[in-house]
Each structure stands twice: as C-alpha cells, then as structure tokens.
Amino acid sequence: MRRGAKPVNIEVTEPVKVEALDLDAQGIARLAPNEEEQALGQSGKVIFIKGALPTELVTYTITSDKARFSKAKVRDILKPAVFRVEPQCAAFGVCGGCTMQHLDIRAQVAMKQRVLEDDLQHIAKVRPQEILRPMGGPTWEYRHRARLSAVNRSIKKGTVLIGFHEGKSGYVADMLACEILPKHVSDLLPEMRKLVMSLSIVDRMPQIEIAVGEPEEPDSDDPQKSKPVTALVFRNLQPLTAADEALLRGFADQHQVWIWLQPKGIETVAPFYPETGKLCYRLPEFEIEMPFKPADFTQVNHMMNRVLVSRAIRLLEVKETDRVLDLFCGLGNFTLPLARKAKQVLGIEGLESLTTRAKENAVHNGLEEKASFMKSDLFEVTTETIASWGRAERWLMDPPREGAMEICKALADLHTQKSDLLPERIVYVSCNPKTLARDAEILCHHAGYTLSSAGIVNMFPHTSHVESMAVFSR
C-alpha cells in the first residue's frame, strides 16, 4: 500500500546500520526487503536519518513516510562513528546554515571529494588524470558575507529574531551567536535584535546583509584603521523616521560599523552613516586590492579565496605572451591577478554594472592597459560569439551554479570545425559538482579536451556546499 508524504511520528526501536551520507548530511540506511519487494526483485526501503552518520548503529523516529523511502531523525545512537564530533554552535540542528558540524572536518573534506569524483565518473564518464590535493583553511569565523533575515516575534517571543533560516523552512532560527561568522559580527547578533526592536519600522525591516572587508590600513598604528571594516545593509521597506536615523547612527558609533540602507531593489543600496568609507579585500601575492560594495558578489571566505586564485592561476600555466579570457569575471577576482602574469586579459560578464565595477578596479590597481572588460550573455553563446571574443590561449571560467553548458557546446562545435579559436587550456572553477560534471562530459567527449586534474576547495566548512576546480587541456 502506497503511503503519502504526510508528517508522521513513528518511533522505530529496531536498530539499523547507517551506510552512507547525503549532501544534506542525512544518514542513509536501507531496510531488508519485505516479501513483496523480494518477489519483485526490489531492494529494501531507504531511510534518510537526520543526525546519523555512516557506520553508526541507530534507532530513529520516522517524520515522513513514502512508498520507497522515509525521512527520519535519529533517536538513539547505539554505536557512534569514530569521526563524530561535538557541534560547536548552539544553533546546530535548528539553523539550516551548517549541516555537518557533527562530522569531523577531515571527514567532511573526504566526503566532498568523493561527491566530486562520483559525479565526474557517473555523469561525465571521465576520471581526472590527477586528483588535486583538497584545499582547506579556517573552519570557524571564516564567513565574511552573510544575509540574515529579521522577523518580529515580539508577541510570542518578546523579541525580534535575526539569523539564518531553519533547515528547509521559512522560519528564522532563534540564534544569539554564529560560529562561522567573525566573532565581532557574531557578538552583534543580540545587539541587532535590540536595535531593530527599537525602530518604528520593526515590521518592515526584513533583512540585514553583512559584508566584512579587510582593515583599511592593516599595518597602521591607528587601532581603528587596523580593524576589519564591517558594513551592515538594512533592508528598510518604509522610510526611516528621524528617531530611527538617530538610533542607527548611535549603533554605528557604538559598534564601529558602516551602515547602508536598501529601500527598494539592489540598485538602491547606498551608504547611510558614515557617508564614506572603504570596503575591500586583498590578494597580496598579486599585489591586488579589490574595493567592493556590500551588495557586490564576492567570495565569503577571504583566506580561501586567496588560495583559490593562486592555485587557479598556477594551474592555468599562463605565459607572459598569452592572451587570457576570464568568463563570468564578476568584479575581476581572477582577471586582475591574471593581468599580472599575462600579456592581455579580457574579462566577460553578463551584467554591465559588474563590468563597470571591474573596470574601476582595474584602474585602482593600475592594470587598465592589460585588463579589459566586456558585457556578454554567457548563457547564450555560439561559435560566432566566441569568434567575437578573439583567440585566447587560456581560459578561466567561474560560472554560477547553472554551469557553462552553452559555452561548452560552442567549444564542441568549434572542435568539429577544426577551429583555431579553441583554447589550449581551461581552468573551470565550480560551485556545483553536477553541472561541472555535465560540462566536463561535453568538453571531454565532444570538444577534444582531456580532464587533466580536479579537486575540491573547502570554501564553506560545515556546509554541504562543494566548491571545486578542474583543468582541461588539449
């Protein structure tokens, strides 16, 4: 009999052994087949158990039941895994931001590496000639960008909740600290609650975006100039009163933060108090300083971004005589460091606002003669599009989660035409192993490339996010 997916609460005391872990950090167990399943040649029902880890023997409580699988939460851990650790964050299990804090960081990295290799093998039908050593860095206080939700719960809970959403839920987690945010930002969470509670538009302030930049002058003797610059963008759906403005200014002065406001769309983000400031991150190896605005897309993990850029450029094997394309270039995170190595770099991005900002950053770093930028829709690419970009010996691609399928298809078409527009080497930085694998299948089986190497970058410790890098060569 088929069961629906209605929520249930069934305690199962018969122990089950957990065999694997999915990317939501749910333990995967499989029951022995019943008589009907045996007769049909089917395997037993799969149970996804929140809070359970591979090798563990557990009992569980079923929370959702379907014909072929059930969702459950762990009830008792009868035999814990050797790689189980105590979660560091008090909000773990409620907050949906980190799902793997109960798993040793080394096991997290190994799991992500396995996900990448499995996707390449099963989706792309390829194996890299070399597995790159996983890249890791700080595991706590690493997140320099965050979007927090704010919701007024003064009637039920006597406060405003400010934090990340609960796991797969529209509710905001009740959290007073966050271990992956820099400590000075985590310490602000209770203070931000008080601030929003005191505003006249407490019900119309749904979001606070956080952006932490590097110190204005890291080596300065002035303590203020050697502290990280912290910007808070308040999403105000109604105009502030004079009293609200005074409260925000007082908060900025007391906690030494830079407050911005966003009354409407992203284009309305503007500094409120102080009126001026400096928000940037740096890539010291390449003598690059990247100014950015709080709403700009930048990597959340500054330290890992430095390592990521360094490895990507090293793997690209850029020569002084090379012309390089940087696709999905954003603010120039890879473009400008590449311009220190190559003869010429063209950064291409789909949004004109980003190419404008990238040009400003090139000027800021004295690279406007070697780095140029253009707007082009990178999700609608043909062989003619690539021809318009001109020949480049090396490409770097850093697409969003959707990947770069149209670009890869166009490269496959150029391969059939025996075109000299094909780059000799491509470094593909990915935030989604499945779309990377899909695109690798095109490049390796239809465009004449070999997957030289691939590996993961643990940009987001304790989360299921898999950042990776792959090198394709002809």
Worksheet item: Is it the case that Asn458 and Tyr142 place a side-chain donor and acceptor less than 3.5 Å from each other?
Response: no

Item to complete: Kindly state each residue pair satisfying ring-ring contact (aromatic ring centres under 6.0 Å, His included) with at least one member in residues 320-350, sequence neighbours excluded.
Response: Phe328-Phe379

Worksheet item: Rounded to the nearest 0.5 Å, how far apart are CD of Glu209 and CZ of Phe234?
Response: 12.0 Å

Practice prompt. Describe, in one word, how the ring planes of Tyr449 and Phe472 are oriented to each other, choosing from parallel (under 30°), tilted (30 to 60°) and perpendicular (over 60°).
Written response: perpendicular

Worksheet item: Does the side chain of Cys444 come within less than 4.5 Å of Thr450's, by heavy atoms?
Response: no

Discussion item. Main chain of Glu369, side chain of Gln344: is a donor-acceptor contact present, judged purely on distance under 3.5 Å?
Written reply: yes

Worksheet item: Do Glu393 and Thr321 touch side chain to side chain, with heavy atoms closer than 4.5 Å?
Response: no

Practice prompt. Considering only NZ, NE, NH1 and NH2 on the basic side and carboxylate oxygens on the acidic side, decide whether Lys341 and Glu317 come within less than 4.0 Å.
Written response: no

Worksheet item: Has Arg340 got its NZ or CZ under 6.0 Å from the middle of the six-membered ring of Phe286, at an angle within 45 degrees of the ring axis?
Response: no

Discussion item. Check for me whether the distance between the ring centres of Phe92 and His102 falls short of 6.0 Å.
Written reply: yes

Worksheet entry | Donor-acceptor under 3.5 Å (Asp22 side chain, Ala25 main chain) | yes

Practice prompt. Answer with yes or no whether the side chains of Ser310 and Glu285 bring together a donor and an acceptor at under 3.5 Å.
Written response: yes

Item to complete: Rounded to the nearest 0.5 Å, what's the gap from CG on Leu132 to OG on Ser453? Could you check?
Response: 4.0 Å

Practice prompt. Determine, for Arg249 against Asp253, whether the closest basic-nitrogen to carboxylate-oxygen distance falls under 4.0 angstrom.
Written response: no

Fill in: Carboxylate-amine/guanidinium proximity below 4.0 Å for Asp326 and Arg394
no

Discussion item. Can you tell whether the side chains of Asp322 and Lys343 come within less than 4.0 Å, N to carboxylate O?
Written reply: no

Discussion item. Once rounded to the nearest 0.5 Å, what's the spacing between atom CG of Leu116 and atom NZ of Lys434?
Written reply: 10.5 Å

Worksheet item: Is the closest basic N to carboxylate O distance between Arg282 and Glu289 below 4.0 Å?
Response: yes

Worksheet entry | Under 3.5 Å donor-acceptor, Ser464 side chain and Leu23 backbone | yes

Worksheet item: Using the ring of each side chain (for Trp, its six-membered ring), is His255 parallel, tilted or perpendicular to Phe251, with breaks at 30° and 60°?
Response: tilted

Worksheet item: Is the backbone of Phe292 close enough, under 3.5 Å, to the side chain of Asp296 for a donor and an acceptor to pair up by distance?
Response: no

Discussion item. Check Arg306 with Glu214, please: is the shortest side-chain N to carboxylate O separation under 4.0 Å?
Written reply: yes

Worksheet item: Is the closest basic N to carboxylate O distance between Lys194 and Glu191 below 4.0 Å?
Response: yes

Fill in: Side-chain donor-acceptor pair present, Glu117, Gln121, cut-off under 3.5 Å
no

Worksheet item: Quick one: do the His415 and Gln417 side chains pair a donor with an acceptor below 3.5 Å?
Response: no

Item to complete: State plainly whether the residues Arg391 and Asp420 are in salt-bridge range, i.e. N to O under 4.0 Å.
Response: no

Worksheet item: Do we see a donor-acceptor contact under 3.5 Å between the side chains of Ser353 and Thr356?
Response: no

Fill in: Polar contact flag, side-chain donor to acceptor under 3.5 angstrom, Asp413-Thr416
no

Worksheet item: Are Arg438 and Glu441 within salt-bridge range, i.e. N to O under 4.0 Å?
Response: no

Worksheet entry | Flag side-chain contact, heavy atom, 4.5 Å: Val160 against Ile162 | yes

